[in-house]
Asks: 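The structure is given below, and queries will be raised subsequently.
Sequential numbering from 1 along the given sequence is applied to the chain's residues.
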Amino acid sequence: VVDRPRPATLEQLPTPAAVIDLARVQRNTAHMAARARRLGVRLRPHVKTHKCVAVARLQVADHFGGITVSTLAEAEHFAAAGFDDIIFAVPIAPGRVPRAVALAARIGRLTLLVDDDVAIDALEAAATHGAISVCLKVDCGYHRAGVDPTSEAALGLARRLHAAPNLVFAGILAHAGHSYDCVGADAIRAVAEEERAVTVGFAERLRAAGVPVGEVSVGSTPTSMLADDLTGVTEIRPGNYALFDVFQASIGSCTADDIALSVVTEIMGAYPDRGSLLVDAGALALSKDPGPRHVRVDGGFGLVCDLAGTPLPGFTLVGLCQEHGKIRLSPGTPLHGLRVGDRLRIMPNHSCLVTALHARLYVAEGRRIVDEWRPVRGW
Ligand SMILES: Cc1ncc(COP(=O)(O)O)c(C=O)c1O
């Protein structure tokens, strides 16, 4: 990233620019830290949402300091910044094992995730200079990854991990990604209870079979925001909550006022006769995440706001090309005097995808830019 003087205000940012509202990210991270303490679990936040050391430090404040990552690039970056208890929470692909094992030798604890014998073979073969910490991934209803906790195969893998001389069986881990299919707090609470009950039930099954289980790790942002009871769980791993986004607000895990990430964009075309505007935030600034189509089919690619962050009713971001965003105005919607050269702010559908597209994230207090954070990118 080329160094250049930091702009002083939202008006001076080179557009499109990803902006983090400092007060909101501080409020969001403090809220989750307090929730975890109230529920009696440790907080091991996922950092993939922002990939920035500064946000991770806010997330772990008042907790034990452990984090969750989704790439080895994140693991190496955060380890270099002093984080020394990290879970790499995607099933380890054998090709990544040498790099993961090399990192594990340099930090306090790097825990890897498995749900297959082939991956365990690769770890056993690589663990020649010390034991490797491993978690077993459990499917708690999302069906993206993980073992079926009722199966014999799941018990067999856990027994193998427990018995392996050069592996440390750290525990079990589940992620209720299907909480994103919910609408409303009650539906999310039901998935949170499913995530807890399935995972804790599996831990009890393993213990009854003579396999000790340490960590019982669960968590997504919706379930972590709404769970009432986490009996039997040892840690939660939400990540998106640091920034939130339109998706989370639409399904009911936050309100639009909690969204801490936006993309500042400049109007580069105005077509009042056609009822549309063209902005310079396209798919490479906002991603093409369609948002919560099960809540609203025509919600567009983000929430269009004025530069102060107030939503503009009747403005819908209906289309994205690589570097163009097309905003459609509903019939009768006032243009508010907006012209080419004016600025708007888009709250994204999915923050985790947006931060990964930007080389720097500007940090704002109101309209003032007070800092600039650089997410680690790549894999
Ligand atoms: C394994 C795992 N844990 C935790 C999380 C964090 O969940 P969320 O993004 O809802 O905060 C994710 C997100 O994809 C995940 O894959």
Asks: Tell me yes or no: between the side chains of S287 and D289, is some donor less than 3.5 Å from an acceptor?
Replies: no
Asks: Given 3.5 Å as the limit, does a donor-acceptor pair link the side chain of R57 with the main chain of C52, or not?
Replies: no
Asks: Pairs under 3.5 angstrom only: tabulate donor-acceptor contacts from the side chains of residues 19-35 to other protein residues two or more places apart or in another chain.
Replies:
residue : atom : partner : partner atom : Å
D21     : OD1  : A23     : N            : 3.2
D21     : OD1  : R24     : N            : 3.0
R24     : NE   : D257    : O            : 3.0
R24     : NH1  : D257    : O            : 3.2
R24     : NH1  : I259    : O            : 2.8
R27     : NH2  : D257    : O            : 2.9
R27     : NH2  : D258    : OD1          : 3.0
N28     : ND2  : R24     : O            : 3.3
N28     : ND2  : A242    : O            : 3.2
N28     : ND2  : D258    : O            : 3.0
T29     : OG1  : V25     : O            : 2.8
T29     : OG1  : Q26     : O            : 3.1
R35     : NE   : S224    : O            : 2.6
R35     : NE   : M225    : O            : 3.2
R35     : NH1  : M225    : O            : 3.3
R35     : NH2  : S224    : O            : 3.4
R35     : NH2  : M225    : O            : 3.3
R35     : NH2  : A227    : O            : 2.4

Asks: So does R345 pair up with D306, basic N to acidic O under 4.0 Å?
Replies: no
Asks: Does the distance from a Lys or Arg side-chain N to an Asp or Glu carboxylate O, for D342 and R339, drop under 4.0 Å?
Replies: no
Asks: Would you check, one step at a time, whether the test side chain to side chain donor-acceptor pair (under 3.5 Å) holds for Q248 with Y180?
Replies: CA-CA 8 Å; Q248 300 284 351; Y180 283 77; 2.8 Å; yes
Asks: Using a 4.5 Å cut-off on heavy atoms from C-beta on, say whether the side chain of P222 contacts that of V191.
Replies: no
Asks: When you check the side-chain N and O atoms of E215 and S217, is any donor under 3.5 Å from an acceptor?
Replies: no
Asks: Roughly how far, to the nearest 0.5 Å, is CG of L312 from SG of C305?
Replies: 6.5 Å
Asks: How long is the straight-line distance from CD of Q12 back to CZ of R343, given to the nearest 0.5 Å?
Replies: 8.5 Å
Asks: Would you give me the side-chain donor-acceptor pairs under 3.5 Å for residues 314-336, sequence neighbours excluded?
Replies:
residue : atom : partner : partner atom : Å
S330    : OG   : G314    : O            : 3.3
T333    : OG1  : S330    : N            : 3.4
T333    : OG1  : S330    : O            : 2.6

Asks: Does R144 make a cation-pi contact with Y142, if we ask for NZ or CZ under 6.0 Å from the ring centre and within 45° of the axis?
Replies: no
Asks: R6 side chain to V370 main-chain N or O, any donor-acceptor pair under 3.5 Å?
Replies: yes
Asks: At their closest point, which heavy atom of D62 faces which heavy atom of R37, and how far apart are they?
Replies: CB-NH1, 3.1 Å
Asks: Can you tell me how far CD1 of I251 sits from NE2 of H294, rounded to the nearest 0.5 angstrom?
Replies: 6.0 Å
Asks: Strictly by modelled atom types, are T221 and S253 linked by a side-chain donor-acceptor pair under 3.5 Å?
Replies: no
Asks: Please check if the side chain of R377 supplies one atom and the backbone of L357 the other of a donor-acceptor pair under 3.5 Å.
Replies: yes
Asks: Just verifying a value: how many Å separate I346 CD1 and L261 CG, rounded to the nearest 0.5 Å?
Replies: 11.5 Å
Asks: Going by atom types only, do Y241 and Q59 share a side-chain donor-acceptor pair under 3.5 Å?
Replies: yes
Asks: Can you list everything that forms a salt bridge (Lys or Arg N to Asp or Glu O under 4.0 Å) with R106? Sequence neighbours excluded, please.
Replies: none
Asks: Taking CZ in R96 as the centre, count heavy atoms belonging to other residues, nucleotides or ligands within less than 6.0 Å. Is the count above 12?
Replies: no
Asks: Taking C-beta and beyond as the side chain, do E235 and L43 meet within less than 4.5 Å on heavy atoms?
Replies: no
Asks: Does either side chain, that of T15 or that of D280, offer a donor lying less than 3.5 Å from an acceptor on the other one?
Replies: yes
Asks: Please step through side chain to side chain contact (heavy atoms under 4.5 Å, CB included) for the pair F88 and L113, ending with a clear verdict.
Replies: CA-CA 7 Å; F88 177 31; L113 200 59; over 6 Å; no
Asks: Tell me yes or no: between the side chains of N240 and D245, is some donor less than 3.5 Å from an acceptor?
Replies: yes
Asks: Keeping the roles fixed (side chain from R207, backbone from V213), state whether a donor-acceptor pair exists under 3.5 Å.
Replies: yes
Asks: What is the distance from atom CD of E372 to atom CZ of R360, rounded to the nearest 0.5 Å?
Replies: 4.5 Å
Asks: If you measure only the distance, is there a donor-acceptor pair under 3.5 Å linking the side chains of S70 and E74?
Replies: yes
Asks: Indicate yes or no for a side-chain donor-acceptor contact from R196 to the backbone of T231 under 3.5 Å, with no hydrogens or angles considered.
Replies: yes
Asks: Under a 4.0 Å N-O cut-off, is there an ion pair linking R189 with D228?
Replies: yes
